[in-house]
Amino acid sequence: MALPDPRLALNLSLLFTELPLLERPAAAAAAGFRAVELWWPWPDDPAPPPAELDALRAALKEAGTELVGLNLYAGRLPGPDRGALSLPGPESARFRANLPVAADFAASMGCPALNALYGNRLPGVAPEDQDALALENLVLAARAAHRAGARLLIEALNSAESPDYPLVTADAAVALADRVNAATGLGNTAFLMDLYHLARGGADLAGVIDRYAGATGHVQFADCPGRGAPGTGALDLAALAARLRAAGYEGWIALEYRPAGPAADGLARLRATGPAHQGGTR
Ligand SMILES: O=C(O)C(=O)CO
């Protein structure tokens with residue numbers, strides 16, 4: 001049977017975690033997927049030794065995989081950090097130190113998308129001060145992405161799992177992307193439509209797709225509730241993918257879910273189930 005969509009990618013920061021990072025691209029290829037994405041792989045280091053970057057680059061290329069998305073440095077994701085670019089002081093400095101490193105890596109891989117997680121609100125810091133810093137850093141990131149031939153992505157997370165993260169709706173993420181584009185004049189900042197986070201936040205996914213497919217640079221999917229594999233929750237990946245395609249979105253849809261067991265097993269089941277609709281599109 002076929003997969004629910006021809007342009008599915010795998011997030012190797014959540015899938016195949018039973019393997020060392022450098023073995024995951026080959027595991028993705030063995031499961032029949034050539035497109036992969038990553039969170040920033042060094043949560044404690046915005047500028048790792050070049051040998052480590054070279055080893056990851058070699059593993060991706062030797063597996064014949066294509067890197068279609070990369071998170072910029074975001075602190076200790078998924079806990080407790082959700083980004084560094086709006087955090088004054090050392091974290092903002094680490095984000096800025098990461099820009100040339102991540103952009104150069106993306107350019108060397110032909111990676112088309114760099115995801116900039118906003119960062120949590122900090123107690124005792126005025127939100128407007130965090131937002132001013134964030135816009136400065138997003139402008140720097142958009143310019144770095146442009147030099148690498150990539151888009152910069154702005155993602156909404158869900159407030160239940162990220163209560164201090166300020167971007168929790170599609171409207172807010174798209175409005176920020178518009179502000180960055182207005183500030184840079186580059187037009188390379190786009191919405192990262194994470195269907196799991198939006199569904200977890202109660203969004204009408206069909207409405208978000210219809211309204212924002214044209215502003216979307218990348219899509220991620222995990223089923224909801226549960227952030228598991230397609231078919232484990234109430235969402236219908238095939239129907240959502242079809243709606244995205246009908247709305248003109250031609251990019252990748254990355255599977256960014258937490259598998260209940262070995263990733264290869266779930267992916268084989270996904271391929272076996274084919275495009276049959278399993279639920280609603282919310
Ligand atoms: O933190 C998350 O859940 C993300 O999706 C990061 O990209």
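Both ligands and their constituent atoms are indexed starting at 1 by order of listing. Just the heavy atoms: all of them, side chains too, but no hydrogens, waters or symmetry mates, feed the values below.
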Check ligand 1 against the protein and report each N/O to N/O distance under 3.5 Å, formatted as atom name, atom name, distance.
unit_1	atom_1	unit_2	atom_2	d
ligand 1	3 (O)	His197	NE2	2.8
ligand 1	3 (O)	Arg227	NH1	2.7
ligand 1	3 (O)	Arg227	NH2	3.2
ligand 1	5 (O)	Glu155	OE2	3.2
ligand 1	5 (O)	His197	NE2	3.3
ligand 1	5 (O)	Arg227	NH2	3.4
ligand 1	5 (O)	Glu256	OE1	3.2
ligand 1	5 (O)	Glu256	OE2	3.0
ligand 1	7 (O)	Asn71	ND2	3.2
ligand 1	7 (O)	Glu155	OE1	3.2
ligand 1	7 (O)	Glu256	OE2	3.4

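- Each of Leu10, Asn11, Leu14 was checked for a side-chain contact (heavy atoms from CB on, under 4.5 Å) with Leu255, and the lone residue meeting it is Leu10.
- For Glu66, the side-chain contact (heavy atoms from CB on, under 4.5 Å) partners are Arg34, Val68, Trp252, not counting sequence neighbours.
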Please set out all donor-acceptor pairs under 3.5 angstrom arising from side-chain atoms of residues 44-51, sequence neighbours excluded.
unit_1	atom_1	unit_2	atom_2	d
Asp44	OD1	Arg76	NH1	2.5
Asp44	OD2	Arg76	NH1	2.8
Asp45	OD1	Ala47	N	2.9

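- The distance from atom CD of Gln130 to atom OH of Tyr118, rounded to the nearest 0.5 Å, is 7.5 Å.
- Taking Asp81 as the reference, nothing meets the salt bridge (charged side-chain N to carboxylate O under 4.0 Å, His left out) condition, with sequence neighbours excluded.
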Q. Yes or no on salt bridge (charged side-chain N to carboxylate O under 4.0 Å, His left out) for Arg227 and Glu256, after CA distance, side-chain angles and deciding distance?
A. CA-CA 8 Å; Arg227 196 169 186 169; Glu256 190 194 34; 3.1 Å; yes
